[in-house]
Structures are given as C-alpha cells and as structure tokens.
Amino acid sequence: MSSLYNPIALASSFHHHYPNLRFLPFNFNFITKLPVSNSFAIGSSSRSFHSSPLKKDSSCFCCSMAVEVGSASSVSQSELQGSLNSCRAYWPSKYTFAWNVDIGNGSYYLFASKTAALKFTDAGIEGYDVKIKLDKDQGGLPANVTEKFPHIRGYSAFKAPATLDVDSLLKCQLAVAAFSADGACRNATGLQLPGVIDELYSYDGPLGAVFSENTISLYLWAPTAQAVSASIFKDPSGGEPLQTVQLIESNGVWSAVGPRTWEGCYYVYEITVYHHSTLRIEKSFAIDPYARGISADVKRTLLADLSSETLKPEGWENLADEKPHLLSPSDISLYELHIRDFSAYDLTVHPDLRGGYLAFTSQDSAGVNHLEKLSAAGLTHVHLLPSFQFAEVDDDKKKWKFVDTKRFETLPPDSEEQQAQITAIRDEDGYNWGYNPVLWGTPKGSYATDPNGPCRIIEFRKMVQALNRIGLRVVLDVVYNHLNSSGPSDDNSVLDKIVPGYYLRRDNDGAIENSTCVNDTASEHFMVERLILDDLKHWAVNYKVDGFRFDLMGHIMKHTMVKATNMLQGLSKNIDGVEGSSIYLYGEGWDFGEVANNARGVNASQLNLGGTGIGSFNDRIRDAVLGGGPFGPPLQQGYVTGLSLQPNDHDHSGKANADRMLAVAKDHIQVGMAGNLRDYILTNCDGKQVKGSEVYTYGGTPVGYAMQPIETINYVSAHDNETLFDIVSLKTPTYITVDERCRVNHLATSILALSQGIPFFHAGDELLRSKSLDRDSYNSGDWFNRLDFSYNSNNWGVGLPPKDHNESNWPLIKKRLANPSYKPDKNHIIAAVENFTNLLQIRYSSPLFRLRSAKDIEDRVRFHNNVPSWIPGLIAMSIEDGHAGAPGLSQIDPKFQYIVVIINVQPTETKFVNPDLRAKSLQLHPVQSTSGDTVVKESKYEPSTGCFTIPPKSTAVFVEPRHV
C-alpha cells in the first residue's frame, strides 16, 4: 500500500468500512475508594444524550468538537454534550492530567461513570459515580511526560489527590470539566489514557496461548476491560462452544488455564469494556492479538503450538544451517516480489498451488527456474510483499469472482473494458497488495491451500525453506504503522476492541490519526512497541525469516527500531534456532504527518537513522535517475530518460534550465552511488568540494544522510507507482525506438547494481515488466499485475489501467498503448534478463562494489567527470584497491586492483578523457566482454591517453586485474 514515492501525503490503498454502533448494556459493580465531592448546578437547556453519528469518511470513530467559551451563557448543553465525543485532555501519569485550557480562577473536576452514563442536563453533569477535584499545577507538566508526549508540551498540568483509585477509574467512562467561579461549566472533554496505562500496566510476561505439557494457558493484556471470557470451539465456524471460561485479571492481564486437549480447537474472546468511540460499555468479540493461527473468516483463533513436530516440514530444524551464506550486510541485494504475482499465471505450476505459498516449492516451474537464475548470478534476498493476515481478500477462495481473461486477450491494447470489468469485482477477487493489516502474527490464509487449520503455518514454512534452498534469503514486508479497522464491532478490528484508544495514535481532539492511510498505530506506547518486538521475534524464530522491510517506517519511533535491531541481532542458533546477526532491517523513512519533525518523539526517518545500521529507501537517486517524482508532472524527465539530451513534450523551462537540472541530477546520483553518505566529499556541478549532506534536493533536504552504506537502499522502482519499464516508456520521447527504451531500462538498473549501499529491484525490472502504465496496482487484479517467467510477454498493452488512479493520464497512456512499436518482443525480454544477471555477476565479482564502511568508500571511490571540462550525461566512477604488504589502502579484492565504471546516457557514442586514468591495464569486465550485448562490447580504453570510448546509452565496467 504505502507509497515509496510519497514523502508528504499518501493516497489510501484500501477502503475502510466503519462499523455500525451498537449498545450492549453491562452491569459492573465495584466499590470506589474515592469520596464524592459536593455536586453543583449548571444552567442552560437540557438535551437527551445520544452518541454522535459517524460518517464513513471520518478520520476517527470519535467526533471532535472543541468547546471554547467566552461566557457561561455562550455554552449550550448540546455543545457540552457533544464535547464528550472528543478527548482533548490527557491522563499521562498516575496523578497528573494535561489539558490545554485555562479559565482563570475557576475549578476543574474529573468525572467517572462505571456504566457510561455521563450526560449534561439543566441540573448539571449527571450520571457520574465519582467526582474528583483537580488542582492546577503551576509547575507545569513533568519532564518525563513532555519527553514521552512532546505534542502536549504547552498544556496546563493538573494534579489529582493521592487517594485516587486509578485501577477502578480506568474501567469507567471518564471526562474532565472546567467551571468558572460562578459554577457554570465552561469546557468539558474526554480523556486520552495511554500515558497512565503505560505507567501502571506495562507488562513483559507471557501473552497469547502458552502451551505446557498438560495445559494451555491464555493471557490477554486488557487493563481497561471490565470482564473477559473465552469460548472454545471445536471447528473454525458454526456450532456451540465446547466451553466458555471466565478469565481472571491480575494487574491488567487476564488469564485462564485449560487442558492440553484444547490444542487444535478455536477460541473467541468476549471483552466488556468502555469504548470512547460509542460512549458506551461494549461487549466485543475478538481474536487474540497474539494469535498464531486463525479461522478462514478471521473470527476465531486457532490453538496452534508452533513447536509441534506436526507443523514442521521435514528438515525444518536444520534450516538455519542450510541458509545461504551471507558474509556481511553490504553483500545484500533485494528483489521485491508479491506472492500471488509470482505464480498466478505460471502454467508450469499445478493449478491448486498457483498464487500461493507452495508455488515456491515447485522445483521445475518457470518462476522457480527464474529465481534460481537470479540467485546463481548473485541475488541474495527475496522481499515478499505483505504475507500476514490482511483485509479485502477473502481467505475462502470459493467466494472469489473472476474476469474472462480469454476475452481480454482479444481486446485492443488501449481498451477501457479490461479495467472496467476488473474494477467491478476488485473487492471480491483474490488480489490485493496487502497493506491493510488485520493481524500481524499470522500468515495470510488466501495463500494457503486450506485457510482453516494449520495449513497456512506449514506452507509458509515450506516456502521459506524452498527459497533458502535455492540460495535466497527471505524478507517480510511488515506493516506496523497502521491497522485496517478500529471500533468495537468491525470484524477486522482487533486491538481497538481490546484496549480502546490505546493502540492507535490520536490527535489533540482524540480523533484517530490517519496520515499513513487510516488508523495510525502508536509505537511510542509501551505495549504497542512490545507487540511489534514480539511479532518480529516470532517471525524470525518460528518462520526463520532473514529480514524485515518496514512500511512507512518513519511513523514508528526510532527507539522501537533500534530495540528491534538489537533484539533480532541478539538471537542465536544455539538458543533460538536462528542466527540473528544476519537479519537485516530497512524501510520507508519518510517524515510526514503527525510524526513529522519528531513531533511525537524521535521517529525512524531518513535523517534520524544515521548510525543505526537500519536501511532506508533513497528517493533522491530514484528521482534523479527517472525525473521529478511520482506526484509531479508525468513527463518530467531525469538523468536516464532524456533530460536535456533527448527532450520530450514536457516544458523544462528552457534548454539552460534543463542542462542545469541534468547537472544537479548527476550530483544526486553520484552521492547515491557513494552509499548516500552524508560525509562523503565530491566535486559538485559548480566545481565546489562538498559533503553529501551539503548537496540538496529541490526542497532543501540533504541528499546524503547515511553514516554507513548499509543504511541506504538504492532503488528506482517498487510495487508502488509505475514499473521501471512503464515510467521509461512514459518519460522518454515518443520518437525513440523500443530498443532504446530497453537500453534505458538497463541503464537505470545498472546504476543501482554498481552503487555502494544495498540495491533494490522490483520483480520484473529484469523482464521489462509492464502494468500497462498503471500507477497504483494495489487492487488491479492479476491481469494488470501479471508476471510472465516464460518471457513471452512483458504485459504491455493489456488495456487502459484502472480509471480511479489513472484517468488524468489516460490521454498520454492511450497514445502509447495504441502504438505497437512500444511493445517489446521475447528477444528484448531475454536480452534484458541476461543484462540484469550480468550486472549481478559484475557486482558480486568484486568486494569493491560492496564496501562495508564509510571510510572505505571515502578512501576508495572517486568521480572524475567534473567541471570545467565535464561531459553532460556521463558519470565516471573509479574504485581503488590497495596492495598486500604495501602502505596506504589495504587489499580487499584478490582479483582486481582498480575498477572504472562509466555510465553514458547520451544517445551517441561518447569519448571521455581523464589524465588520472592513464597508463592503467584496464580492460572491459569479462562478464561484459563475453555477453550477448553487442553494443557494450564496443567500449574501449586507450591507456596512453586515458581515453574511454563508450557506446550510446551504455554502462561499461573496466577492471585492472592484479599481476600475479
């Protein structure tokens, strides 16, 4: 879902359906320790209390209504009643409250109702069981509060008496009210509770289902719940419960113990809890947040013991010893792949396995053979798009709807019919990227042959095992920044049913933040962070995955990411069955929304992650290579797509400005090729020596931000937005040939493959993959997302892409799809695959392409095509090695002592002369000199002059072998 291309505002990639509200009364009795103070009266007309109606496009279940009052008569009872729907005050610590209100000499009170009966009448506030006076604290909020919640730094502080019975109050409906000296209510609002919950109920004990020899124990963290029960069922749906047990609470954790015979059964929690979104005591049914298996309808939790031998494929316990060798994180290369894309159209896979986990075990399939080819060339990791339990694809395949693809094949390449039919069923088919999490810790059922029972567990493990055995490590795409649903009744709401208002980040009115898409989570809260850490460890230990890619990582706190790194890298084969030191973490470090500029604490954004060893996507090199950004003009060109050198119809504000843009793009790319290091020094396009952090984007953000090369993920395409071939076809001028576009595609991937840092490739970059120019295919079905590992088609021209995200570009798209000269043939695809594997072979032929430290890069990597005699459209990079036993640089490459990479994006052959590169024994890399690319073979080097001759639109690699 999340856009790798959007650092400011993200378009929603899935529809969120708000639940219908319902009232379920519950009698809850406890004895309060608190004295009830004298009541008081407020004037104004009465109004009966009703929960405010919710709008489907609302950002939160709770409406926000700020009540700012100038006089007592200016406040109507309806305004005050409505103010209970908001939560503008905070309870951040046991006896401390925070509220951005000041009424001078007035008074402030806390009200609580154990039956959620608070309301305003002519007689005053009624329905409360407890009323406590709060005293304004002139000393302000304590430092520990403002450090944890920096966004309320300027709020007024209020103190409660030390007799406060916090445990009981947290199970009630709560409100604070401010009264003027004459007793008139001037302001009122609900409370946000995560601060006090963290202080009193942070917990590091067992959660979920815990299996012992004779028993199964259930643990649920729900400190605000009034009651919790669990119903045990034999089957995944239907039938009466075998047993219903009441859980007992101890310090916010509810637990029960049952017999081991429960194993293989299912259970459902019923939680009685006050929910701020409805202002009612709700009885909600929920699955376990720590569920390790679930039913197909996602309504029951499977009691599955992941340590059971019956859930392990043969040889599973030995997999840690079979993992592909990984000497250093700098050796990683990433290939991003959607599980369904991999095999949905692969006719060499058994029909029952297509689109699922077990397709990766089909050893003779076209897809597996292709992955083996990439692995043999050096590729190290497959990054799988979301494979946890996500919404909007039913796990029951019998409910899916399909389109007539045979008819589609007869339609024109620019027809509207394909997208119209796919759009009509897109929420009822089997396709979605999956960035709409319901439950983080369970494999998605739609990818299993049977979504009920343990199949999803076993088959996921078989997938990991199969990929490892062909030499590829596995990265999971995790989405901890938001949840699909919230509220007390939506089937896809889990966490917000159990501890309402805690797991989700809320704004200053109490509305759920939705800058990530919807229902932003709050890793700054202790138990949210704990759940994330527990989930990561679960996938690493129980499924032996090798890395994690964090969707919208910038919305997660930096301390969470650092803890995750330390925890995972501390795992060992002896204790945990996995070698944690080889687990790699990276993600989208965009800094936007409510967390921007550390507004909710230091977040895991690009500029904050230096020194952590955590990678973040480098959008600077992407935009410089391709042109502009994904939300800019679609025809804006970049370094390889024709900027200045082969202009298209876009107005780049004149030739002089286009030339300047080309020069600046070269600076951005060169910083990226040097690992995007903030302290790497290069000569910029103005002839000045500058650090990477002193080269700036058009928005004024530093280009270089990494302190280590492994903190940079260099990429030009991903699942979001157009594929690489599509964006090349869109931005290059219409008059060039498909042969040239294929070379441009190769130029872009060559920059990534030969850069320092971690290269990232979208599955199909090497196949000239097209989605028929669809810029957001998250829900565009198999048709637009098709991968063809038979190499017969790249999927270009399969109809106009879906209207909702692409219609504004249809005139540009239609012109290109209708032109048969744009479509590559099988020979183009096969050549592209060879060129890609050649690049991988070159990268892994020398450790000089994978330097491990910033110092090594600073000492060894140089760029040579500089002003005043620079050649536009050409990058010349050298990497130098030392000699064993000689002073200066150490020797790290036994084969090559010097490497020169020259990237020529010009449409003509170019000669580059540099005196610093004279008198060397450079020769074209043996991979290129023996390749099928007849163009690059024309590259030449003249040692007497230091002159390189580079063919048009080519990347040539020259190496100087060591003299033995």
Side-chain angles (χ1 to χ4, degrees), residues 333 335 346 366-367 369-379 625-626 640-642 646 716-717 722-732 736-754 759 761-772 786-797 816 819-845 901-909 924-939 950-957:
S333 51
Y335 184 81
D346 191 343
N369 288 338
H370 182 77
L371 291 182
E372 288 177 330
K373 186 181 300 181
L374 301 186
S375 173
L379 185 73
V625 168
L626 298 179
V640 305
T641 53
Q646 286 186 307
V716 292
S717 66
E722 294 90 347
T723 66
L724 175 57
F725 183 81
D726 280 351
I727 203 71
V728 165
S729 298
L730 196 61
K731 291 178 180 289
T732 51
I736 72 170
T737 66
V738 68
D739 291 343
E740 291 179 274
R741 291 193 183 91
C742 292
R743 294 202 71 79
V744 172
N745 192 99
H746 182 54
L747 276 173
T749 54
S750 73
I751 291 172
L752 306 181
L754 303 176
F761 307 102
H762 179 217
D765 281 353
E766 77 285 9
L767 301 169
L768 308 174
R769 182 184 187 178
S770 173
K771 296 181 182 178
S772 210
R786 177 169 47 178
L787 276 170
D788 182 1
F789 292 116
S790 72
Y791 309 152
N792 286 312
S793 170
N794 77 329
N795 210 42
W796 173 270
R816 287 159 174 78
N819 186 340
S821 71
Y822 271 76
K823 186 174 178 65
D825 60 26
K826 186 169 185 175
N827 289 330
H828 289 116
I829 297 169
I830 291 172
V833 172
E834 183 192 353
N835 284 336
F836 184 77
T837 56
N838 287 346
L839 287 172
L840 289 174
Q841 289 174 34
I842 292 171
R843 180 175 182 83
Y844 289 99
S845 70
V901 176
I902 301 186
I903 301 164
N904 176 28
V905 303
Q906 293 207 34
T908 57
E909 179 182 275
L924 193 63
H925 196 289
V927 170
Q928 289 189 317
S929 64
T930 59
S931 75
D933 185 347
T934 57
V935 177
V936 79
K937 285 182 177 179
E938 297 299 316
S939 304
I950 310 300
K953 298 188 188 305
S954 295
T955 295
V957 180

Undergrad: Provide the full list of side chain to side chain donor-acceptor pair (under 3.5 Å) pairs with a residue in residues 825-842, sequence neighbours left out, each pair given once.
TA: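 Every side chain to side chain donor-acceptor pair (under 3.5 Å) pair that includes a residue of residues 825-842, provided the two are not neighbours, is Asp739-His828, Asn792-Lys826, Asp825-His828.
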Undergrad: Tell me whether Thr641 contacts the main-chain N or O of Thr732 through its side chain, where contact means a donor paired with an acceptor under 3.5 Å.
TA: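 Judged by distance alone, no pair lies under 3.5 Å.
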Undergrad: Mind listing the closest non-hydrogen atom pair of Phe725 and Ser770 along with its distance?
TA: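 Shortest heavy-atom separation between Phe725 and Ser770 comes out as CD2-CB, 4.5 Å.
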Undergrad: I'd like to check the ring-ring contact (aromatic ring centres under 6.0 Å, His included) partners of Tyr822; sequence neighbours left out, ordered by chain and number.
TA: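 For Tyr822, the residues satisfying ring-ring contact (aromatic ring centres under 6.0 Å, His included) (neighbours in sequence not counted) are Trp796.
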Undergrad: CD1/Ile902 to CG/Leu754 distance, rounded to the nearest 0.5 angstrom?
TA: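 One gets 12.0 Å once the value is rounded to the nearest 0.5 Å.
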Undergrad: Can you tell if the side chain of Asp765 reaches within under 4.5 Å of the side chain of Ser717, non-hydrogen atoms only?
TA: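 SC-SC contact between Asp765 and Ser717 confirmed.
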Undergrad: Rounded to the nearest 0.5 Å, how far apart are CG of Leu379 and NZ of Lys373?
TA: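 One finds 13.5 Å between CG of Leu379 and NZ of Lys373.
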Undergrad: Using side-chain heavy atoms (C-beta onward) and a distance below 4.5 Å, is Ile842 in contact with Gln928?
TA: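 They are in side-chain contact.
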Undergrad: Would you check, one step at a time, whether the test side-chain contact (heavy atoms from CB on, under 4.5 Å) holds for Val833 with His370?
TA: CA-CA 9 Å; Val833 172; His370 182 77; 4.2 Å; yes
Undergrad: Do Pro952 and Gln906 come within less than 4.5 Å of each other through their side chains, counting heavy atoms only?
TA: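 When only atoms from C-beta onward are counted, Gln906 and Pro952 do not touch, as no gap falls below 4.5 Å.
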Undergrad: Just to verify, which of Val744, Ile751, Leu724 counts as forming a side chain to side chain contact (heavy atoms under 4.5 Å, CB included) with Val625?
TA: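 So, applying the side chain to side chain contact (heavy atoms under 4.5 Å, CB included) to Val625 and each of Val744, Ile751, Leu724, only Ile751 qualifies.
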Undergrad: With a 4.5 Å cut-off on side-chain heavy atoms, are Glu766 and Leu374 touching?
TA: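 Counting from C-beta outward, Leu374 and Glu766 do come under 4.5 Å.
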Undergrad: Which residues pass the side chain to side chain donor-acceptor pair (under 3.5 Å) test with Arg816, not counting sequence neighbours?
TA: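 Arg816: no side chain to side chain donor-acceptor pair (under 3.5 Å) contacts found.
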Undergrad: Pair Asn794, Leu767 - check side-chain contact (heavy atoms from CB on, under 4.5 Å), show working.
TA: CA-CA 6 Å; Asn794 77 329; Leu767 301 169; 5.8 Å; no
Undergrad: Taking atom types as modelled and ignoring hydrogens, do the side chains of Asn795 and Ser793 form a donor-acceptor contact shorter than 3.5 angstrom?
TA: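 No, no side-chain donor-acceptor contact under 3.5 Å.
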Undergrad: Testing the basics here: between Ala956 and Ser939, what is the closest heavy-atom pair and its distance to 0.1 Å?
TA: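 Smallest interatomic distance, heavy atoms only, reads CB-OG, 3.4 Å.
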Undergrad: Quick one: CG on Asn745 to CZ on Arg743, what's the gap to the nearest 0.5 Å?
TA: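 Between Asn745 CG and Arg743 CZ, I get 11.5 Å after rounding to 0.5 Å.
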Undergrad: Run the ring-ring contact (aromatic ring centres under 6.0 Å, His included) test against His762 and tell me which residues pass, sequence neighbours left out.
TA: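 Checked His762 against ring-ring contact (aromatic ring centres under 6.0 Å, His included); zero matches.
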Undergrad: Under 3.5 Å, is there a donor-acceptor pair between the side chain of Ser750 and the main chain of Leu747?
TA: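 It does hold such a pair.
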Undergrad: Between Ser845 and Val927, is the side-chain contact (heavy atoms from CB on, under 4.5 Å) condition met? List the steps.
TA: CA-CA 9 Å; Ser845 70; Val927 170; 5.7 Å; no
Undergrad: With rounding to the nearest 0.5 angstrom, report the CZ to CG distance, Phe789 to Asp346.
TA: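 So the CZ of Phe789 and the CG of Asp346 are separated by 7.5 Å.
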Undergrad: Side chains of Lys953 and His746: closer than 4.5 Å at any heavy-atom pair?
TA: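 Of all side-chain heavy-atom pairs linking His746 with Lys953, none is under 4.5 Å.
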Undergrad: Run Tyr844 and Ser333 through side-chain contact (heavy atoms from CB on, under 4.5 Å) and show every step you take.
TA: CA-CA 10 Å; Tyr844 289 99; Ser333 51; 2.8 Å; yes
Undergrad: What I want to check is whether the side chains of Ser954 and Asn904 have a donor and an acceptor closer together than 3.5 Å.
TA: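 No, no side-chain donor-acceptor contact under 3.5 Å.
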Undergrad: Going through the distances and angles, do Ser790 and Asp788 end up as a side-chain hydrogen bond (donor to acceptor under 3.5 Å, both in side chains)?
TA: CA-CA 5 Å; Ser790 72; Asp788 182 1; 2.4 Å; yes
Undergrad: Quick check: closest heavy atoms across Glu938 and Pro951, and the distance to 0.1 Å?
TA: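 Distance-wise, the nearest heavy atoms are CB-CG, 3.9 Å.
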Undergrad: What are the two closest heavy atoms between Thr955 and Val936, and how far apart are they?
TA: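 Between these two residues, the closest heavy atoms are O-CG2, 3.4 Å.
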Undergrad: Out of curiosity, Arg769 CZ to Arg786 CZ, how far, rounded to the nearest 0.5 Å?
TA: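 Going from CZ on Arg769 over to CZ on Arg786, the span is 11.0 Å.
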Undergrad: Restricting to ring-ring contact (aromatic ring centres under 6.0 Å, His included), what partner residues turn up for Phe836, sequence neighbours left out?
TA: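 In terms of ring-ring contact (aromatic ring centres under 6.0 Å, His included), with neighbours along the sequence ignored, Phe836 is linked to Phe761.
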Undergrad: Considering all heavy atoms of both residues, which atom of Pro907 and which atom of Gln646 are nearest to each other, and what is their separation?
TA: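 Reported closest heavy-atom pair: CB-NE2, 3.5 Å.
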Undergrad: Would you please name every residue forming a side chain to side chain donor-acceptor pair (under 3.5 Å) with Thr749, sequence neighbours left out?
TA: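 If we apply the side chain to side chain donor-acceptor pair (under 3.5 Å) test to Thr749, skipping adjacent residues, there are no hits.
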Undergrad: Going from CD1 on Ile727 to NZ on Lys731, what distance comes out if it is rounded to the nearest 0.5 angstrom?
TA: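 These two atoms lie 5.0 Å from each other.
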